[in-house]
Amino acid sequence: MVVTRFAPSPTGYLHIGGLRTALFSWLWAKHSGGKFLLRIEDTDLARNSDEALEAIIKAFDWVGMSYDGEVLYQSKRFDIYKTYIDRLLEEGNAYKCYMSKEELDALREAQMAKGERPRYDGRYRDFEGTPPQGVEPVIRIKAPQSGKIEFEDGVKGFISIDASEVDDFIIARSDGVPTYNFVVAIDDHEMGLTDVIRGDDHLYNTPKQIVVYRALGLALPKFYHVAMINNEQGKKLSKRDGATDVMEYKTQGFLPEALLNFLVRLGWSHGDQEIFTLEQMIELFEPSNINKSASSYNLDKLLWINATHMKNMPTDQMIELLKSYDCDISTHDKKEAILKATIERAKTMIELKEQIELILNAPKEYDSKAVQKAFKADTKEILSSFIEDLMTLQPSSSQEIHALMNAFLSARELGFGKLGQPLRIALLGAMSGSGLDEIIDIIGIDETKARVQRVIESI
RNA sequence: GGCCCCUUCGUCUAGCGGUAAGGAUCCCAGGUUUUCAUCCUGGUUACAGGAGUUCGAAUCUCCUAGGGGUCACCA
């Protein structure tokens, strides 16, 4: 059974890069009927924050990615790590290093000055003398001193790194708290992970973790290193790139399934298919189709995907969702017509809300340029007569209104613009927008009359 | 700097030795529409460069260039 995980550290909000690797892991687990686990990497004393943790959980909730079982916190598992460290110590695969931080820094500086790569020199690797007083030791793992560390990456292919690139790195700090590369390997093993999907930036951690696996005689999971997502300029995503916090996408009016659809296509493909429902993503996702190269974030495409998902959403579901954007039309008896008249003009929930409000609320002001262009000497008379026709004939559907308009115009031998342009200004305040027949049908004849009268008075 | 990874239209990508290098987005043009939008049709634009291997390379190999990642008692 496939078991994957997402393992964020609670030091900030969830950004889209993290969300994408989480998505890949989640899809792969769901696709193969396996499990997707969530683990919080909070071994760093100072940098954790509860708000960040909450934000991450909230983001998962919003996009609808559910994890199996309980959330695992590394900070609550120190006793487990301790067992493994003791075993390593006992078996001689790890050792205590009494070098102080100052000594280490000095060593590093000396190496750099000589143009060498900073690297622990292994001075306590086989130390058997009396340890210096007053130094709490760190624990280092014995990494291989020659040969290659190799593995088959599910995305990048065969990776081979010289053992000299990995030194005897610290697995427990002097205060006893274990470090990242060690606990990751332990937990990935303990949690029964079969597939580790993570960002490209972890590629160099993998050989270190392999050292841990080997020292403990554990079987390796399959690794997949997914390339980064860059900003629109092709540079690394940063806070300046606007909405990198996943929850920002909600406030900006994106659908979670659209965001996921956008992200899944960043680095993964299924032939020429662009639009995926959640179910399709799960059905079709295979890590073998993950792309090797980095990709750039593209807002235009996200917008297009979002608009497409919005159009595909069932109306009652959309009406329900609108409520969370402070736009409740659920009790309006023309709610379906409202949606039909606006959904095509909106790429986000925010734009949809604006379009709806534009129709439902009488215009507060009129575009002066449009007024100048559309209002002629006979406009008032035409509008008034049209209102009269509306009042007497009482059309009750947009089709009937449409027919009435045409009849009105042909009877007077007028082009559509003579009535349509000023009428649109009266109803919306501007020259463009939803269909007039639809608007009149939605707001009703009385409101139409009121808006027309208001424009006549104000001109 | 050492090491590792990456490189097809502006962007996301298909391609896995033989294609007029395909799709999507963006942009432009035309059509549908009472306007706008949607929708439909069409169009411009790409194999980073150079050597090889091969009858034949976007696909395989090497070199160069560019980009990225990483070198902590952070994760």
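Note on naming: letters A, B, ... go to the chains in the order of the sequence lines (proteins, then strands), and numbering restarts at 1 for each one. Given the structure is predicted, the values throughout are model-derived calculations rather than measurements.
Listed nucleotides B/rU13, B/rU34, B/rC73 differ in distance to A/Ser174; the shortest reach to its side chain belongs to B/rC73. Listed candidates were B/rA14, B/rU35, B/rA75. Nearest to the side chain of A/Asp272 is B/rA14. Comparing B/rC74, B/rU25, B/rU38 by their nearest atom to the side chain of A/Arg173 picks out B/rC74.
Residue A/Met112 is out of contact with every strand shown, counting any heavy-atom pair closer than 4.0 Å. Residue A/Leu203 is classed as a sugar-phosphate contact, given heavy-atom separations below 4.0 Å to backbone atoms only. Within the nucleic acid shown, A/Asp437 comes within 4.0 Å of at least one base atom, counting heavy atoms only.
For A/Arg117 against B/rC71, a side-chain-to-base donor-acceptor contact under 3.5 Å is absent.
Look at the C1' atom in both B/rG50 and B/rC55: the space between them is 23 Å, to the nearest Å. Nucleotides B/rG10 and B/rC28 place their C1' atoms 15 Å apart, quoted to the nearest Å. For the P atoms, the distance from B/rA58 to B/rA21 is 9 Å, rounded to whole Å.
Between A/Tyr297 and A/Phe262, the angle of the ring planes goes over 60°, which puts this pair in the perpendicular group of the 30/60° scheme. Ring pair A/Trp268/A/His270 is parallel by interplanar angle, where below 30° counts as parallel and above 60° as perpendicular. Ring geometry, A/Phe408 versus A/Phe386: the interplanar angle exceeds 60°, so the pair is classed perpendicular (tilted spans 30 to 60°).
Each of A/Asp201 and A/Val135 has a nearest nucleotide on RNA chain B; the 5'-most of these lies closest to A/Asp201. Ranked by how close their nearest RNA chain B nucleotide is to the 5' end, A/Arg20 and A/Ser160 are led by A/Ser160.
The minimum heavy-atom distance linking A/Leu263 with A/Arg20 is given by the pair O-CD, 3.5 Å.
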